[in-house]
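Every chain is numbered from 1 and lettered A, B, ... according to where its sequence line falls, protein lines coming before strand lines.
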Protein chains: 4
Amino acid sequence: MDEAPESEPLLNPTGREPKQGRSRASFERMLAAATDLLMERGNDDFALTDVAKRGKVSIGSIYCRFDSKDDLIQVVQHRFIDRMIIEQSEMVARMTAKAGDLDSLVRAFVEELAEFLKRNAPVMRPMMQRAASDPVVSALGQRGYQDLADKVQTALLARREEIGHNLPELAIDTILRVAYSTFARHLGFGMTGGNYNKADWKNLKTEVGVMCSTYLRNAHR
Amino acid sequence: MDEAPESEPLLNPTGREPKQGRSRASFERMLAAATDLLMERGNDDFALTDVAKRGKVSIGSIYCRFDSKDDLIQVVQHRFIDRMIIEQSEMVARMTAKAGDLDSLVRAFVEELAEFLKRNAPVMRPMMQRAASDPVVSALGQRGYQDLADKVQTALLARREEIGHNLPELAIDTILRVAYSTFARHLGFGMTGGNYNKADWKNLKTEVGVMCSTYLRNAHR
Amino acid sequence: MDEAPESEPLLNPTGREPKQGRSRASFERMLAAATDLLMERGNDDFALTDVAKRGKVSIGSIYCRFDSKDDLIQVVQHRFIDRMIIEQSEMVARMTAKAGDLDSLVRAFVEELAEFLKRNAPVMRPMMQRAASDPVVSALGQRGYQDLADKVQTALLARREEIGHNLPELAIDTILRVAYSTFARHLGFGMTGGNYNKADWKNLKTEVGVMCSTYLRNAHR
Amino acid sequence: MDEAPESEPLLNPTGREPKQGRSRASFERMLAAATDLLMERGNDDFALTDVAKRGKVSIGSIYCRFDSKDDLIQVVQHRFIDRMIIEQSEMVARMTAKAGDLDSLVRAFVEELAEFLKRNAPVMRPMMQRAASDPVVSALGQRGYQDLADKVQTALLARREEIGHNLPELAIDTILRVAYSTFARHLGFGMTGGNYNKADWKNLKTEVGVMCSTYLRNAHR
DNA sequence: TATGAATGAGTATTCATTCAT
DNA sequence: GATGAATGAATACTCATTCAT
């Protein structure tokens with residue numbers, strides 16, 4: 001009661017964000033430095049002293065704004081998820097705009113998703129990796145994913161009558177999962193750090209597009 | 001000629017495996033303890049002192065058998081990959097045996113793969129995570145995957161005439177990637193450590209099966 | 001321009017010397033403890049934990065000020081060399097002041113050098129020993145020696161006309177080397193830790209003085 | 001009574017030297033390996049496991065023959081001193097043979113000594129270094145030096161009447177010390193590992209020769 | 001509020017020495 | 001005797017966190 005006033009306490013690790021100019025600026029520098037270092041060096045080799053150095057802040061200042069190293073990272077991820085959620089809206093809008101029939105809609109969706117993930121890979125990689133040991137980051141990641149899932153449901157259900165699958169919601173959920181997982185793994189999220197097949201990114205996008213479209217339009221159980 | 005007689009020296013970190021009884025036993029205890037701790041605690045918080053304690057061996061003994069902490073982990077993973085490769089053979093044999101037409105073959109394949117990954121998830125999770133920072137483990141993982149890919153190609157190409165896709169090899173490669181990635185992510189390999197959706201494992205298997213089968217039999221570019 | 005503004009970067013390992021009171025004090029305690037331990041125990045058996053204990057500082061503090069154990073030792077030696085260089089100036093001034101003719105100048109030089117080395121023996125012993133394995137310390141030692149050599153050249157060349165040797169510079173270089181080596185060995189620099197003949201220090205000084213004086217005034221090739 | 005039957009117990013660390021063929025051979029391999037490693041790597045980085053490997057003997061065998069690592073090293077040094085003592089005899093014989101007058105005798109002595117030290121530098125360097133921390137090795141070194149001093153006394157006193165110095169024994173003692181120290185330092189015994197002045201070895205020998213000869217023949221207090 | 005010096009628990013690794021086989 | 005596996009104390013170094021100024 002003292003610590004968890006809301007229903008999602010874990011998902012709101014926002015640090016102690018100052019509103020004023022000077023403090024605010026150094027707060028932002030901390031986050032920027034942390035983000036950069038996370039991208040450059042991954043989760044191991046991520047030391048607060050480096051954040052302090054890079055952000056031209058003192059260690060003490062960091063602890064003034066964040067409870068712990070974990071907290072700092074969580075805030076970084078939280079901010080990133082927020083940005084991602086915005087980008088996801090744009091992405092879905094874009095794909096809907098392009099769309100003629102369901103087939104082209106699904107292909108556009110797959111293409112957009114692929115490029116979206118590729119674009120954000122540098123931040124998502126360490127985030128995914130961290131999710132393995134930090135439940136807060138894990139929850140944060142799920143929140144972003146869930147947001148996307150909802151939007152994709154809405155966008156594709158608009159073409160419900162063209163969906164051949166007799167459980168459209170499940171089918172949409174499936175294609176998102178499949179496409180997301182496949183691209184994420186190819187991009188090395190949280191795993192290998194390198195691609196299994198670098199050259200065939202284009203092929204992969206096409207084939208996954210075909211697969212998802214075919215499945216959604218034709219499959220039934 | 002002096003050190004690396006084979007083409008894959010990095011993939012053979014086998015430690016110094018004793019053949020006799022007593023030494024052998026403690027060697028195995030080390031590996032068992034390391035495997036357990038890796039599964040329980042992940043790659044961070046994996047300390048050699050704990051391996052020593054749990055395996056009832058001295059630190060010195062570990063260094064007697066392994067060059068370094070990394071080497072120990074690599075040997076653990078190497079052993080696991082070896083076991084997996086055997087299991088993969090059995091898996092492919094089983095799915096081939098069951099098969100009537102291509103559709104049932106692909107569904108069997110997806111089902112087998114899903115359960116195979118689920119069965120091995122506890123070991124694969126830390127392995128995938130480690131692959132992010134240890135190139136040797138990464139290479140080991142790719143070896144296992146490539147072995148599976150080859151076997152799956154052979155098994156499915158036996159039904160070549162039933163494949164509708166005009167690039168059968170690419171299509172087979174794609175369904176393996178897609179299925180592997182989707183299940184791996186669901187099982188939390190290298191990432192969240194927990195399922196996003198626990199209940200719908202069964203659904204997921206079915207849908208991925210349908211998707212792969214449909215794609216392979218009907219899709220063409 | 002970024003890292004090595006001077007021509008002798010290796011010779012300037014000064015640690016991170018704080019200027020303020022409290023930090024400064026513990027910095028000095030570290031150096032004092034390190035110096036003492038080096039003198040008491042030599043280079044082997046010189047452990048940072050002991051420095052920490054003796055200096056009443058934490059291990060972390062030491063690493064806050066010095067990059068490594070080697071760096072700490074180098075700073076100790078560097079400081080010592082700096083003090084020695086000052087002392088050498090005084091020494092040469094003193095011997096010049098006393099001097100009547102070249103003979104008395106050389107004898108004064110030998111006497112001063114002998115006592116100078118004896119006085120500094122406790123610190124020079126471990127320093128010489130360390131020079132065997134640490135090139136930075138070796139360079140530091142040479143710098144100190146070279147400084148002395150230059151000053152001695154100047155002081156004795158002032159009496160050039162009294163030098164019988166037809167290569168005065170070589171002769172002066174030689175008497176410094178000979179006297180330095182002889183006293184250093186007698187004092188156990190870098191070697192035996194004890195004197196071969198403790199009693200005859202006085203005799204040794206006299207004889208070396210005679211030898212050097214005779215040689216410089218009379219010898220010719 | 002059990003441990004120190006003689007007056008020089010410390011100077012007789014001969015290990016447990018077997019007389020028979022096979023054991024003897026491996027005993028010799030141990031010593032040879034130890035000697036090589038001492039010369040190659042110095043006193044630090046000298047590990048018994050390496051001696052075992054290089055000598056193709058087991059660690060256990062080494063401990064069967066020697067009480068400890070220190071004991072092994074002492075035996076190595078002891079053997080070396082024995083060889084040196086023989087060589088010293090030859091050296092003195094040679095210089096006596098060459099000699100015309102005292103001047104040429106002293107010059108021959110200095111030349112011989114210089115080359116003798118240079119020849120044996122690889123073994124003497126680690127030995128001198130070790131003497132700093134191991135009193136047994138120190139005593140061993142003194143024994144070798146003392147043997148040489150005695151022989152040199154005899155050889156030069158044969159020319160007593162040509163000695164100008166009014167304390168011939170002291171003078172001879174002095175020139176040995178001076179020459180020995182100077183060359184030893186130049187060759188980096190126990191200290192820098194490298195020469196201060198590489199090129200002028202020849203010059204140094206000449207000048208020290210001149211200095212010693214002049215001193216011995218002309219100096220008086 | 002801000003600073004950064006200080007802390008010290010934690011970790012990988014080495015190596016002389018012992019002892020069961 | 002010979003072997004080499006096993007031991008574990010010792011040691012350099014890292015880094016999240018605290019707290020006096």
Separation of atom CG in D134(D) from atom C1' in dA16(E), rounded to whole Å: 15 Å
Would you mind checking if R29(D) and D36(D) are paired as a salt bridge, meaning a charged N to carboxylate O distance below 4.0 Å? no
Examine dT1(E): is either OP1 or OP2 under 4.0 Å from a nitrogen or oxygen in the side chain of R65(A)? Give yes or no. no
How many whole angstroms separate atom CZ of R41(B) from atom C1' of dT11(E)? 13 Å
Return the value, rounded to whole Å, for the distance between atom CG of L37(A) and atom P of dC15(F). 12 Å
Between C1' on dT7(E) and OH on Y63(A), what's the gap in Å once rounded to a whole number? 13 Å
Ion pair present between D70(D) and R130(D), side-chain N to carboxylate O less than 4.0 angstrom? yes
OP1 or OP2 of dA5(F) versus the side-chain N and O atoms of R24(B): is any pair under 4.0 Å? no
Working to the nearest 0.5 Å, report the span between CG of L38(D) and CE of M127(D). 10.5 Å
Evaluate the side-chain proximity of F27(C) to V57(C): yes if any heavy-atom separation is below 4.5 Å, no if none is. no
How is S26(A) classified with respect to the nucleic acid when contacts are heavy atoms under 4.0 Å: base, sugar-phosphate, or nothing? nothing
What residues, two or more places apart in sequence or in another chain, satisfy side-chain hydrogen bond (donor to acceptor under 3.5 Å, both in side chains) together with R24(A)? E17(A), E28(A)
Can you list, by residue number, the residues of residues 44-62 of chain B that have a non-hydrogen atom closer than 4.0 angstrom to DNA chain F? V57(B), S58(B), G60(B), S61(B)
Using atom CD1 of I73(D) as one end and atom P of dT17(E) as the other, report the distance to the nearest whole Å. 10 Å
Pairs counted as Watson-Crick or G-U wobble with both distances under 3.5 Å: what dot-bracket string results for DNA chain F, using | for bases tied to another strand? .||||||||||||||||||||
Looking only at side-chain N and O atoms, does S23(D) come under 4.0 Å of OP1 or OP2 in dA2(F)? yes
5' precedence on DNA chain F between D67(C) and D67(A) (nearest-nucleotide basis): D67(C)
